[in-house]
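Below: one structure, written as structure tokens.
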Amino acid sequence: MSPREKRRAIAAAFGLAVLLSLPYLAALGVTPPERAYMGHIWNPDEPNVYYAWMRQAAEGRFFLEDLFTTEPQEGRFTNPLWLALGRVSAIHRDAVPWVYAAARLLCAAGLFYSLYAFVAAFGATRRVRWAAMLLGATASGLGWLAPLIAPALPPDLTLYGVDVGLSARGGVVRDDLMMPETNTFASALLLPLFSFSMTLLLWLVLTAWRALRNTDFRAAAWSGLIGLLLGGVHTYDMIPAHLLWGALIVVVAALGRATWRTLAAYAVFAVVSAPTLLYQVFAFRNDPVFQEKGMTITASPPLLSIAFSFGLPLLLAVAGAILVLRRREWQWLPVICWAVVTIAAAYLPNLSFQRKMIEGAHLPIVILAAIATVRWLPHLKAPRVRGHRLRSKVAMAAVILACLPSAAYFLVGRCMDSVVTNNMNRASATFMPPYTLSRDDVACALWLRDEGEPGAVGCLSMLGSYLPGMTGRKVWVGHWAETLRFPSKLNSAFGLLIVPMPSEARKVLDACRYVVDGEFERAIRGDGQDPRVTARESGYELVPVYSSGESVVYEVRPNPPSQPAEP
């Protein structure tokens with residue numbers, strides 16, 4: 001690429017990333033003045049985990065704990081990305097959400113530019129490069145059709161639109177599994193972790209192919225260094241990465257270029273990238289909390305649902321793969337292998353984290369789709385469009401528009417609808433955290449951060465999702481996966497704060513220094529029993545130590561045994 005083309009690509013990548021930041025400004029704009037917008041537009045529970053890690057790193061920790069559960073921990077987990085962002089956040093005690101937002105923008109821009117540079121490195125024309133970047137930033141699947149086709153589906157077939165978080169079955173459409181890792185648009189919109197790790201995957205694949213094609217040990221070492229970072233940031237991706245190296249070795253052998261140096265190049269990659277992967281295995285085996293959390297089942301949906309959620313880009317990718325294979329353009333074989341290996345890895349048996357390994361599959365799909373869009377579609381008959389260049393532009397515009405509905409539906413019909421209702425349209429079924437908190441609840445959280453003594457906090461999961469990132473404290477219940485035995489602990493929190501169950505309440509009070517009776521606790525409890533009464537029945541006293549409006553922070557103190565009456 002010429003310097004001028006690089007500048008244009010960088011400017012376009014940042015422009016796309018800025019556009020994806022506008023929904024957050026819209027969410028802030030619809031937030032009532034009496035409430036605090038917490039910086040999310042979809043599933044706050046996931047970024048709140050990252051906030052908690054950043055908060056710990058900002059406090060100077062290298063090894064990070066799971067703050068969403070109160071069990072004793074050895075604290076062996078670490079992550080280079082959140083350590084770095086946490087260190088930056090140390091500039092101000094309120095900087096965590098701002099640094100996270102900046103990281104989301106920068107990681108999205110880095111992903112889009114890296115996608116452009118990756119395609120250019122394989123010799124694609126400029127139009128293919130631009131098509132790949134634009135499809136990567138906008139394309140989704142067919143999930144938006146779920147409400148329309150649900151009546152036609154038999155009752156024994158569930159079709160998951162994981163690009164929009166819906167499922168359809170026998171005429172019923174329900175809120176269901178959303179997998180941002182299945183497309184670059186959702187990843188760039190929501191989660192800097194996914195954008196960053198996908199960027200690393202692009203450069204890992206490029207350097208791996210150079211290492212094997214040219215038996216270049218320097219490229220193999222660079223691929224290993226990228227894998228070293230990727231293994232620390234998003235360890236799941238290293239399984240497809242090693243499988244892809246194996247597939248590329250087979251490709252090189254099929255092309256008649258394999259020698260002993262080919263295997264030696266893989267050995268360089270494996271050795272250089274091994275430390276972080278081995279450390280994560282060590283931490284998993286020796287930290288019971290990390291192990292139990294890692295065993296949370298995240299199975300992949302049926303392959304038909306994955307194909308449905310990739311949609312038109314997948315169909316075009318198949319056409320693009322056929323096109324380059326028929327023309328013997330073998331330089332695109334790594335891209336084809338990448339797509340096949342990553343999708344296959346998501347269905348490896350006996351892995352609790354199956355679906356996490358599909359991350360990055362959308363990248364080779366949009367690259368191959370871009371090839372088909374620019375080099376195949378313009379040759380189809382279009383009598384009113386003359387000239388290959390004009391046909392190519394029309395085809396690109398048509399494909400982008402055809403791939404936009406799911407992205408638009410997810411953004412407007414799912415994200416912004418949930419923002420407007422503050423997630424109350426989903427909270428009753430999933431106890432999903434809200435997007436805004438009352439100013440009183442925020443004041444209680446800040447008091448705990450700045451004034452409270454060390455100790456865990458008991459509350460419901462809606463506020464509990466935010467407290468670790470805001471205060472650096474452990475909570476009794478706060479996240480469906482990070483909180484060990486979440487249903488049981490949520491029931492115990494209900495036993496203290498909602499429906500009096502002294503035996504369950506005692507579990508919370510035994511583990512926590514403070515209890516917050518906030519907006520959501522009061523709203524769900526209604527006219528039910530005051531938690532102070534339930535605590536007293538459980539052998540404890542809840543002593544108010546801070547209040548803002550109707551929200552109260554209680555300190556948990558043992559109820560002194562009653563003194564015998566004087567004779």
Side-chain angles (χ1 to χ4, degrees), residues 118 122 179 181-182 184 187 194 197-213 215 219-255 257-258 261-281 284 294 298-301 303 306-307 310 314 317-318 321 325 330-368:
F118 180 93
F122 281 83
M179 293 173 57
E181 57 267 56
T182 57
T184 48
S187 294
F194 291 175
S197 53
M198 286 183 184
T199 300
L200 293 178
L201 280 169
L202 282 164
W203 294 106
L204 188 151
V205 173
L206 178 59
T207 51
W209 180 239
R210 286 177 174 173
L212 292 173
R213 182 188 60 192
T215 57
W222 274 112
S223 188
L225 287 172
I226 296 167
L228 182 72
L229 181 56
L230 183 62
V233 169
H234 207 237
T235 313
Y236 310 106
D237 290 337
M238 288 305 294
I239 296 176
H242 278 277
L243 293 176
L244 180 58
W245 263 87
L248 295 181
I249 290 172
V250 173
V251 168
V252 171
L255 294 175
R257 299 179 185 175
R261 292 170 62 88
T262 305
L263 294 177
Y266 172 69
V268 170
F269 163 77
V271 169
V272 174
S273 65
T276 51
L277 181 60
L278 292 176
Y279 179 77
Q280 296 290 5
V281 173
F284 176 81
T298 52
S300 295
L303 191 58
I306 288 294
F310 281 137
L314 180 61
V318 172
L325 290 176
W330 307 130
Q331 75 271 24
W332 294 109
L333 285 174
V335 178
I336 298 172
C337 288
W338 186 7
V340 173
V341 166
T342 306
I343 294 174
Y347 293 91
L348 290 175
N350 303 320
L351 291 176
S352 61
F353 48 85
Q354 267 188 335
R355 71 169 183 252
K356 296 181 183 293
M357 291 192 296
I358 204 168
E359 182 179 79
H362 198 241
L363 293 168
I365 287 173
V366 297
I367 292 169
L368 294 169

CG (Asp237) and CE (Met357) are apart, to the nearest 0.5 Å, by 9.5 Å
For Ser197, side chain to side chain donor-acceptor pair (under 3.5 Å) partners two or more places apart: Glu359
Report yes if some heavy atom in the side chain of Leu325 is under 4.5 Å from a heavy atom in the side chain of Trp332; otherwise report no. no
Could you grab the distance from atom CD1 of Ile365 to atom CD1 of Ile336, nearest 0.5 Å is fine? 12.0 Å
For Glu181, side chain to side chain donor-acceptor pair (under 3.5 Å) partners two or more places apart: none
Would you give me the side-chain donor-acceptor pairs under 3.5 Å for residues 219-227, sequence neighbours excluded?
residue: Ser223; atom: OG; partner: Leu204; partner atom: O; Å: 3.3
residue: Ser223; atom: OG; partner: Thr207; partner atom: OG1; Å: 3.4

Would Phe122 and Ile367 count as a side-chain contact (heavy atoms from CB on, under 4.5 Å) if you check the C-alpha gap in whole Å, the side-chain angles of each, and the deciding distance to 0.1 Å? CA-CA 11 Å; Phe122 281 83; Ile367 292 169; over 6 Å; no
What distance do Arg210 atom CZ and Thr215 atom OG1 have between them, rounded to the nearest 0.5 Å? 14.5 Å
Looking at residues at least two apart in the chain, or sitting in another chain, which of them share a side chain to side chain contact (heavy atoms under 4.5 Å, CB included) with Ala254? none
Under 3.5 Å, which donor-acceptor pairs link side chains of residues 338-349 to any protein atom two or more places apart or in another chain?
residue: Thr342; atom: OG1; partner: Trp338; partner atom: O; Å: 2.7
residue: Tyr347; atom: OH; partner: Pro301; partner atom: O; Å: 2.6
residue: Tyr347; atom: OH; partner: Leu303; partner atom: N; Å: 3.4

Can you tell me if Thr182 uses its side chain to pair, donor with acceptor, with the backbone of Phe310 under 3.5 Å? no
Stepwise side-chain contact (heavy atoms from CB on, under 4.5 Å) test for Ile239 and Phe353: CA-CA 11 Å; Ile239 296 176; Phe353 48 85; 3.8 Å; yes
Report the distance from atom OG1 of Thr262 to atom CZ of Arg213, rounding to the nearest 0.5 Å. 13.0 Å
Heavy-atom side-chain contact between Ser300 and Ile306 under 4.5 Å: no
Flag side-chain contact, heavy atom, 4.5 Å: Leu229 against Trp203: no
Could you list the donor-acceptor pairs under 3.5 angstrom formed by side chains in residues 266-281, with sequence neighbours left out?
residue: Tyr266; atom: OH; partner: His242; partner atom: ND1; Å: 2.9
residue: Ser273; atom: OG; partner: Phe269; partner atom: O; Å: 2.8
residue: Ser273; atom: OG; partner: Ala270; partner atom: O; Å: 3.4
residue: Thr276; atom: OG1; partner: Leu228; partner atom: O; Å: 2.7
residue: Tyr279; atom: OH; partner: Arg76; partner atom: O; Å: 2.4

Measuring from His234:NE2 to Lys356:NZ, what's the distance to the nearest 0.5 Å? 6.0 Å
Using side-chain contact (heavy atoms from CB on, under 4.5 Å), reason through Phe118 and Val335 one step at a time and then give a plain yes or no. CA-CA 10 Å; Phe118 180 93; Val335 178; 4.0 Å; yes
Distance col, row Leu363:CG vs Leu201:CG, nearest 0.5 angstrom, shows 7.5 Å
